[in-house]
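Report on one structure; see the data block that follows.
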Amino acid sequence: MSKALITGGVGFIGSFLAHKLVVNEDEVVIVDDLSMGRLENIADIQDEVTFYKHTVCDEDFMHNLLLKEKFDYIYYLAAVSSVADSVVRPWYTHLVNQESVVNTLEFIRANNLPIKKFLFTSSAAVYGNAADFPKTEDSHIDPLTPYAIDKYASERYTIDYGRLYNIPTVAVRFFNVYGPRQNPNSEYSGVLSIVTKCLKENKPFTLYGDGSQTRDFVYVEDVVDALIKISTETDEPTVYNIANGDETPLIDVIHTYENIAGIKLNIIQKEARQGDINKSRADVSKLKGIGFKPQWSLHDGLTNYWKYYSEN
Ligand code: UD1
């Protein structure tokens, strides 16, 4: 049995990870400030996890927790998760997405904390609109927003703390993760959570740009399986893309989803968002090289997502 800290653990991806670790009989501690996360996401496992409502930016709190709990695994998912939000709140984003991460790494180093793995969750946003395609982990970096800059910097700190100080670290770059429990209630929420809500509540959906922007959508269950495999089975400070390896224009995803739901979406078109990426697709060879293959096609993932919302 291992002891794991999940920052952002009642959020969308974090709560799926918490469920999986509880099933694996790990001891799970969650720190989340509930900015996007929701306690209902862990309602069914609340007696099996320890939850702290707290920001990761409070260094005294984090230091005390790290000293007291002596975690084996740290999954760093707490973040301002929206690219567009970071354009509006660059300084706050920086504090959460970079400073808190380096602070935690530094505390682990300075106190020789005996962790088994520190996993940082970076983003495909770091590739920006650089020409190489699809994106391998060695592709050019072109961070277009505060979000992408901070994710890249934190990822590099994570790798470097591994290389320089022999701390077991690893980083992942999420592509576009979707699935149940993603909070749809902010204008900065993930696009498919907003589409789901609009379909369900018969509300108009704002499409930024013409819908030709592509994304590599990956189902949350695949993401969590990849996170556990990467944290437990790799022993090098390096970075992995986590994605499906497919590229789909946003408007096509919307049409597929409309067909699955049997509902037509009322689309209002607006100008593309500042800093938005045109094309995104991962090369997932490195992930496959450690024996991981995504199990969920976009169609199956969307079908399951819609089923979840129809039943809940
Ligand atoms: C997403 C994730 C980010 C992750 C990145 C990796 C969220 C909120 N963002 O960023 O954490 O690091 O993938 O690739 O989960 N759009 C609309 N209407 C809306 C909302 C969005 O048209 O109401 C468009 C956006 O302009 C964009 C696309 O949908 O072109 C995807 O947007 P979004 O879901 O915010 O994701 P990314 O910016 O790709």
Side-chain angles (χ1 to χ4, degrees), residues 8 11-14 16 35-37 76-89 93 96-97 120-130 134-135 139 141-152 154-155 171-179 181-199 201 203-220 223 239-255 257 265-282 284 305:
F12 163 46
I13 304 169
F16 270 91
S35 51
M36 283 297 274
Y76 214 98
L77 281 95
V80 172
S81 62
S82 164
V83 174
D85 192 5
S86 83
V87 175
V88 180
R89 296 191 296 167
T93 301
V96 181
N97 290 8
F120 176 70
T121 53
S122 179
S123 166
V126 305
Y127 298 117
N129 285 329
K135 306 298 183 184
S139 290
I141 295 301
D142 178 26
L144 300 173
T145 51
Y147 178 86
I149 294 167
D150 284 323
K151 283 289 184 184
Y152 188 60
S154 298
E155 169 200 310
V172 301
R173 292 181 185 152
F174 285 149
F175 281 65
N176 287 62
V177 187
Y178 72 99
R181 299 201 204 115
Q182 188 168 27
N183 183 342
N185 295 326
S186 152
E187 62 179 307
Y188 301 122
S189 296
V191 66
L192 289 182
S193 71
I194 298 176
V195 171
T196 305
K197 187 176 163 144
C198 291
L199 282 171
E201 297 176 4
K203 293 206 167 111
F205 168 76
T206 306
L207 175 67
Y208 297 107
D210 60 5
S212 66
Q213 64 267 46
T214 66
R215 291 294 186 272
D216 188 333
F217 286 99
V218 57
Y219 195 62
V220 63
V223 170
V239 61
Y240 289 88
N241 285 337
I242 299 187
N244 239 318
D246 302 319
E247 172 195 16
T248 319
L250 180 56
I251 194 68
D252 291 4
V253 181
I254 291 172
H255 290 328
Y257 207 5
L265 192 64
N266 174 7
I267 298 176
I268 296 166
Q269 207 176 327
K270 287 200 180 154
E271 243 178 73
R273 279 170 162 173
Q274 264 188 310
D276 198 43
I277 288 170
N278 303 329
K279 272 168 77 67
S280 182
R281 178 182 162 202
V284 285
Y305 193 3

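In what follows, residues are counted from 1 in the order of the sequence shown. Remember, it's 1-based here, ligands and their atoms both numbered in the order they're listed.
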Inset, instruction - Supply the atom-to-atom distance F16 CZ to Y219 OH, rounded to the nearest 0.5 angstrom. - result: 5.5 Å
Legend entry - Proximity flag F12 to ligand 1, non-hydrogen atoms under 4.0 Å: no
Legend entry - Structural part of S189 in contact with ligand 1, heavy atom criterion under 4.0 angstrom: backbone
Inset, instruction - Verify the distance criterion only: is there a donor paired with an acceptor across the side chains of T196 and Y257 at less than 3.5 Å? - result: yes
Inset, instruction - May I ask whether Q182 places a heavy atom under 4.0 Å from ligand 1? - result: yes
Legend entry - F175, portion touching ligand 1 at heavy-atom distance under 4.0 Å: backbone
Legend entry - Heteroatom proximity flag, T206 to ligand 1, N/O under 3.5 Å: yes
Legend entry - Contact check: Y188 vs ligand 1, nitrogen or oxygen atoms, below 3.5 angstrom: no
Legend entry - Atoms of ligand 1 close to L207 [distance to a heavy atom under 4.0 angstrom, numbered from 1]: 22 (O)
Legend entry - Whether Y305 and Y178 hold their rings parallel, tilted or perpendicular, with breakpoints at 30° and 60°: tilted
Legend entry - Min side-chain heavy-atom separation K197-F205 under 4.5 Å: no
Legend entry - Heteroatom proximity flag, V191 to ligand 1, N/O under 3.5 Å: yes
Inset, instruction - Check whether more than 12 heavy atoms from other residues, nucleotides or ligands sit under 6.0 Å from atom CD of E271, and answer yes or no. - result: no
Inset, instruction - Run the contact test for G209 against ligand 1 with a 4.0 Å cut-off on heavy atoms, strictly below, and give the result. - result: no
Legend entry - For atom 17 (C) of ligand 1, closest protein heavy-atom neighbour: Y208 CD1, 3.4 Å
Inset, instruction - Indicate yes or no: does D276 engage R215 in a salt bridge with an N to O separation below 4.0 Å. - result: yes
Inset, instruction - Measure K151 to ligand 1 on non-hydrogen atoms and call it side chain, backbone, both or neither using the 4.0 Å cut-off. - result: neither
Legend entry - D276 N/O under 3.5 Å from ligand 1 N/O: yes
Inset, instruction - Work out which heavy atom in K135 is nearest to a heavy atom in A130; give both atom names and the distance. - result: NZ-O, 2.6 Å
Inset, instruction - Determine whether any heavy atom of S280 lies closer than 4.0 Å to an atom of ligand 1. - result: no
Legend entry - Criterion side chain to side chain contact (heavy atoms under 4.5 Å, CB included) against Q213, the qualifying member of I277, L250, I251: L250
Inset, instruction - Between F205 and ligand 1, find which residue part has any heavy-atom pair under 4.0 Å and reply side chain, backbone, both or neither. - result: side chain
